[in-house]
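From a predicted model like this one, the values you see are computed outputs, not experimental measurements.
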Amino acid sequence: MWSAARYRPPVYGKHFLTVLDLMADPRVALIERVATGYRFAGRPGLRTTYRPTLAFLEHIPLALLSWAAFGRAEEPEVLILKGLKDPKAGQAPLMDYPETATTHRLRQEVLKINAFLSKARIVLLDGGPGDLDEEGQPLDPSRLTLRRSFNGGSWFSG
């Protein structure tokens, strides 16, 4: 969540954490913490995870609780430039980069594909509620966009 500014969705910040704290406050109790995230320097971390409480669900009509009720904001950045991988952690840091004619062209290519995908009718056949992807995150049928990643700090690798 706290990656380089270029890659961070504008919704995340101190105000986002404040809203989560308010929703989890025992006097409000709309959400509850399932797992507390952590991050060690140079190593993969774990995200903090919340789930809705019965009080939250009482405010939402059951008919709205389907994937069709949710939308997805565009990714803040579709071109990902990673630095050299840390051999101990096995991860590469995200890098900021200047805008050039090349980055503009590459971004436009990805955005054109994403515009097409956003209009495509794609359905997950065996992905039901509670199904997880290979990273342990819930399957999200609304995530129908691509990002293009480059490695080693080079636009020629990836």
Side-chain angles (χ1 to χ4, degrees), residues 1-25 30-52 56 67-124 126-158:
M1 182 162 98
W2 307 113
S3 59
R6 164 182 295 283
Y7 305 105
R8 187 180 315 139
V11 69
Y12 291 141
K14 218 169 190 179
H15 57 283
F16 181 77
L17 297 176
T18 301
V19 169
L20 289 178
D21 287 343
L22 289 171
M23 291 176 72
D25 185 290
L30 293 176
I31 59 176
E32 61 186 359
R33 190 178 309 210
V34 175
T36 301
Y38 60 86
R39 183 162 181 75
F40 296 109
R43 298 181 143 187
L46 177 70
R47 293 180 179 151
T48 299
T49 308
Y50 293 89
R51 68 176 165 218
F56 179 88
W67 281 111
F70 297 92
R72 187 166 197 88
E74 287 185 29
E75 295 284 344
E77 182 57 75
V78 295
L79 290 183
I80 311 301
L81 181 62
K82 295 180 181 181
L84 294 173
K85 189 179 281 191
D86 179 345
K88 289 182 181 179
Q91 290 196 326
L94 295 175
M95 297 177 64
D96 202 357
Y97 54 85
E99 290 300 319
T100 65
T102 299
T103 60
H104 180 74
R105 179 182 53 78
L106 292 170
R107 183 178 297 104
Q108 291 309 310
E109 290 171 358
V110 175
L111 291 174
K112 187 175 180 178
I113 292 168
N114 286 345
F116 175 80
L117 288 173
S118 72
K119 295 178 183 133
R121 182 152 168 80
I122 299 173
V123 179
L124 294 175
D126 64 349
D131 285 351
L132 303 177
D133 66 14
E134 63 276 356
E135 295 177 355
Q137 297 298 312
L139 284 175
D140 182 352
S142 70
R143 186 171 204 147
L144 300 175
T145 58
L146 301 176
R147 297 185 306 169
R148 188 164 180 197
S149 296
F150 295 87
N151 303 307
S154 170
W155 295 109
F156 300 102
S157 177

**Item:** Atom pair CZ/OG1 of Phe156 and Thr102 - distance to nearest 0.5 Å
**Value:** 7.5 Å

**Complete:** When every non-hydrogen atom of Tyr97 is compared with those of Arg6, the smallest separation belongs to O-NH2, 2.7 Å

**Message:** Could you report the tightest heavy-atom contact between Ala92 and Gly83, atom names first, then the distance?
**Reply:** CB-O, 3.2 Å

**Item:** Nearest-0.5 Å distance, CG of residue Asp25 to CG of residue Leu30
**Value:** 10.0 Å

**Request:** Please round to the nearest 0.5 Å and tell me the distance separating atom CG of Asn151 and atom CD1 of Ile80.
**Result:** 11.0 Å

**Request:** Evaluate the side chain to side chain contact (heavy atoms under 4.5 Å, CB included) criterion for residues Leu81 and Tyr7: first the C-alpha distance (whole Å), next the side-chain angles of each, then the deciding distance (0.1 Å), finally the verdict.
**Result:** CA-CA 10 Å; Leu81 181 62; Tyr7 305 105; 3.9 Å; yes

**Complete:** Closest non-hydrogen contact found for Leu79 with Arg107 is CD1-N, 3.7 Å

**Complete:** When every non-hydrogen atom of Val78 is compared with those of Leu146, the smallest separation belongs to CG1-O, 3.9 Å

**Request:** Could you grab the distance from atom CG of Asn114 to atom NZ of Lys119, nearest 0.5 Å is fine?
**Result:** 11.5 Å

**Item:** Minimal non-hydrogen separation, Ile31 against Leu20, with atom names
**Value:** CD1-O, 3.7 Å

**Message:** Tell me the closest heavy-atom pair linking Leu106 and Trp155, and the distance in Å.
**Reply:** CD1-CE3, 4.1 Å

**Request:** Indicate yes or no: at least one non-hydrogen side-chain atom of Lys82 is less than 4.5 angstrom from one of Leu94.
**Result:** yes

